[in-house]
Amino acid sequence: MIDAPSWRYTPALAEKIELKWQKIWKDEGCFFAANAEGPLRDGEGRLAGKRKPYTVLDMFPFPSGKGLHVGHPLGYIATDFVSRFKRMQGYNVLHALGFDAFGLPAEQFAIATGQHPRKTTEENIANMRRQLSRLGLSFDPRRSFATTDPDYMKWTQWIFARLYSSYYDPDFLRPDGKKGCARPIEDLIKEFESGKRKTQKPWQQMSAKEKSEVLNSFRLAYISDSFVNWCPGLGTVLANEEVTKEGKSERGNWPVYRKKLRQWSMRITAYADRLLEDLDGLDWPETVKAMQKNWIGKCEGLKAAFEVAGEKVEVFLPYPSLLSHPSFLVLPSSLSLDLPEKWPKDAKEEWKEGASSPKALFSSFKSSHPYPLAHSMDGVFSGLFARVGEKNVPVFISDYVSEPHLGIEGEEDAKFARIHSIDQNPSPSAFDTEEEALKAAKEKRIGEREQRYRLRDWLFSRQRYWGEPFPIVYSEDGVEHLLPDSFLPVNLPSLPDYRPKSFDPDDSSSLPTAPLARNEEWVQVELDLGDGLKKYRRETNTMPNWAGSCWYYLRYLSPKDEKHFVNPAEDRYFLSPFHNDQSNDLGGVDLYVGGVEHAVLHLLYARFWHKVLYDLGYLSSREPFYKLFNQGYVQAYAYTDSRGQYVPASQIESRFEDGKEVFYFEGERVNREFGKMGKSLKNMVTPDEMYENYGADTFRVYEMSMGPLSDSRPWNLKDVAGSQRFLQRLWRNVVDEQTGEAHVSEEMDSKTGRLLNKTIEGVSADMEEMRPNTAIAKLIVLNNHLTSLPLCPRAAAEGMVKMLFPIAPHICEELWEKLGHSQTLSFTPWPKAQEWKEEEVVCVVQVDGKVRCRLSVPADIDEKDLERLALSQETVKQWLGGEDPLKVICRAPKIVSLVSRSGRKEK
RNA sequence: GCCCCCGUGGCGGAAUGGCAGACGCAGUGGACUUAAAAUCCAUCGCCUUUUGGCGUGCGGGUUCGAUCCCCGCCGGGGGCACCA
């Protein structure tokens, strides 16, 4: 400690260097991306909007109250090295980070800490900014915002208004010349008024309420009656996920009831075809494409055909898996159904209606429900159609024994439900048991491809406080009215108590109420919507937090634009098709990095909005995200003692016993497990600890070197030392630890030159393909070689520093400066490999597939010469047993493969 | 159950048809040191140890040559959950 040279690359020096460069970058506006026009045009004069744009996007973070662990920044470090790499290649890189701050988690955190969500959200954002800023990420600070900012919320509401004011015309030509386009609802109204499009009752004779109903069946954002899981005990509507199999709430175990509720939806089903078609042109992981395809519903189904009581029965199964599922198949042969007394009236009526009229049933399926027959029970039974002769009859496949929503509580009740839902004469002549029916169905299945859209419209209302209010009011006749754009944003009123109301848990007749409904002063308004001052009631539901995350990437382009949600010139400059190296006409963000957990919903919703905005002429690109990359997760070891309790992972001692690693906590042997990083498993490591003990650069290098970016990997604190040693060695190679001055040689030997060249070649390819782990390995090889030299050649040092800069920017800037440069590395051109020829290469000679000899040969050796040379080798002759080879394969200059006569015989 | 992905040293992982185990961690031996840390050097799949033999979950196949391509198993992970 006393003897440590004053210029050793210690964590303390690393911190000093890191803070120094972070300040310089900030003061110089180093990461300002340049817009095509307007106030953000000049990007600090460096780029002047003339370069090719490159947009790098991180998935919108939610500012959690729990703080970050070392897994969270993984994706940000990845996008940062890509951004820095692209800047060095001469691109105008747009890289920004905002915050997705509305939604249930934010509200729950606020409730738990007894504060207002706006306050907790702002605090959490500040904390997250602090933790991230210490990483030295190259975001453009001018483009950051939160979804809760009134200025942003205004445009979210504005986009909702466009969706509400549009309908989908399957025959209208859209900008790319194909059929099917969103159009203003006014066009539809004109068609109704002129009689060009017929309605059941003449349009002119309809009441405002009737007109509203008709239009809502066309609007892309529409209001209708849908089912929800209502839990009076919690005073809230629950997601299906939050309801247990017993039909109770996961939290609190309260009864849950199915309720019809008037709420908002998005007509995403209208875009199903296009959402499927355009997937093919995207540079996305195949698994994510498959998940979206599966979700949208054009999946393969099975047609099963068999006979029941002399009649041919065909069944289409949208889930191929259900046939072999341990479920049972019941086939009624008539349409008369006797439904259980216990079933709610609604469900009974819908059931009968659906069963007796296949047509009605099919249309209701298309509009909102995934299963043709089971919609009234929604997932209780996977009800399907069967065709018996000319008749359509219901088929049930189920493995549920209990369905509390319908009053079916256990095995006995479930049987009751089954028996009553099938025919009185269940055709015993065909199948005596369900197993037989299943077997027959399996054997006779016809593997035809069928299409059904299972995709369902997107439920867009939440009975919650912390979300965007709808720009909607209701007149006294119950008809909804859109607020004009000049009324936006509709801000949230502050409520003394924003929590959900409490109800009698057993009162099934109660209805959920939105917290906003409690503020009568806010709800009741007097407005002039063009026909004089009138009284209205505001919509009291709020939007889900998908709303804000559906379009944030557009706002980064022109964050302060007061006239547009995105400035059209910036949209064209940054996102239009072919805007840089994109090979198709879809356009969109160049690179989108985030977790695979958003593979379906977020990505699907954002694509849907993007396409609508494209149809309406606001955007130039057909897709929002051209390339998608899913980074893996950082997992961590956790340790349990003999009682199964978790013990702090940071205090574990490992020893080697009989060649195996074993673990001790306070002298007691403990077990090692593997799982998520977090407080509950006592294995959390925070970025702050890493900054303090190693520095941000070491942390960045470690996270990027752990393995392929797309894989999940275990956090192993011991391994961090390797990354730290690498940076320390690099530092020592360039800087004299005693004086702090650069000590390099102006000469470079040819061996170092060749290795440098080879490294540039390899690292460039690795960076391009987002393989930082192998790039770092190659840089370590070069660095280890430089360590072995008496003095590091300047050219090699400068090459190293340039190549490592995207991953470990601070130390590289410092070394670059010490090497005598005054400009930041950020815009220094990425090194180019020289054209050079190896003179001599090693050739491998194989006999019967085994390497028997190595030859040093001229790189441009001719195949004949190489063959002759190989055959003249004594060892080769020995392995051939003195005979001529049976076969010779020569791939000059790398390999000669010989097949011996004896080797062939053995085979 | 169905679909997708993945199985390589003690560990994280390299190599995508051409010398398996790059690079890092851990381990072992040594140098330096009063000592420790740090640093540096050597070693580091298994068996024989000398030429060699065997090794990428298992069993087949294609090929001059297979971790890589094909077929069949075994094992692990993810999706199929209307959810933020």
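Order of the sequence lines fixes the chain letters, A, B, ..., with proteins taken first and strands second; residue numbering starts at 1 for each chain. Predicted, not measured: the structure shown is a model, and the values here were computed from it.
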B/S/- contact track for nucleotides 38-43 of chain B, protein heavy atom under 4.0 Å: SSS---

Separation of atom CG in L603(A) from atom C1' in C83(B), rounded to whole Å: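 Rounded to whole Å, this separation is 15 Å.
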
Dot-bracket pairing map - RNA chain B, Watson-Crick plus G-U, both contacts under 3.5 Å, | cross-strand: (((((((..(((.....[....))).(((((.......))))).(((....)))..(((((..]....))))))))))))....

Considering residues at least two apart in sequence or located in another chain, which fulfil the side-chain hydrogen bond (donor to acceptor under 3.5 Å, both in side chains) criterion with [X]?
X	value
Y639(A)	none
Y552(A)	Y592(A)
Q631(A)	none
H598(A)	none

Ring-face cation contact, Y222(A) with R267(A), 6.0 Å cut, 45° max: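 Relative to the ring axis of Y222(A), which defines the angle, R267(A) lies inside both limits.
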
Touch class at under 4.0 angstrom, heavy-atom based, for L898(A) against every strand present: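 Touches nothing.
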
If the condition is side chain to side chain contact (heavy atoms under 4.5 Å, CB included), which residues does [X] pass it with, not counting sequence neighbours?
X	answer
C853(A)	V845(A), L855(A), Q873(A), T875(A), V876(A)
I889(A)	K887(A), R891(A), S897(A)
V735(A)	W731(A), L815(A), K818(A)

Candidate nucleotides C23(B), A84(B), C64(B), ranked by approach to the side chain of N784(A) - the nearest: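 Per side-chain heavy atoms of N784(A), the pick is C23(B).
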
Qualifying salt bridge (Lys or Arg N to Asp or Glu O under 4.0 Å) pairs, either residue in residues 778-789 of chain A, two or more places apart: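 Counting only pairs at least two positions apart or across chains, the salt bridge (Lys or Arg N to Asp or Glu O under 4.0 Å) contacts touching residues 778-789 of chain A are D766(A)-K778(A).
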
Which atoms of nucleotides 12-20 of chain B (N or O only) lie under 3.5 Å from a protein N or O atom, and what are those distances?
residue	atom	partner	partner atom	Å
G12(B)	O2'	M706(A)	O	2.8
A14(B)	OP1	N773(A)	ND2	3.1
G18(B)	N2	Q846(A)	OE1	3.1
C19(B)	O2	R854(A)	NE	2.8
C19(B)	O2	R854(A)	NH2	2.5

Distance test, side-chain N/O of W546(A) to OP1/OP2 of A84(B), below 4.0 Å: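 Yes, such a contact exists.
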
For nucleotides 50-53 of chain B, give me every protein contact, N/O to N/O, under 3.5 Å, one pair per line with atom names.
residue	atom	partner	partner atom	Å
G53(B)	OP1	R852(A)	NH2	3.3

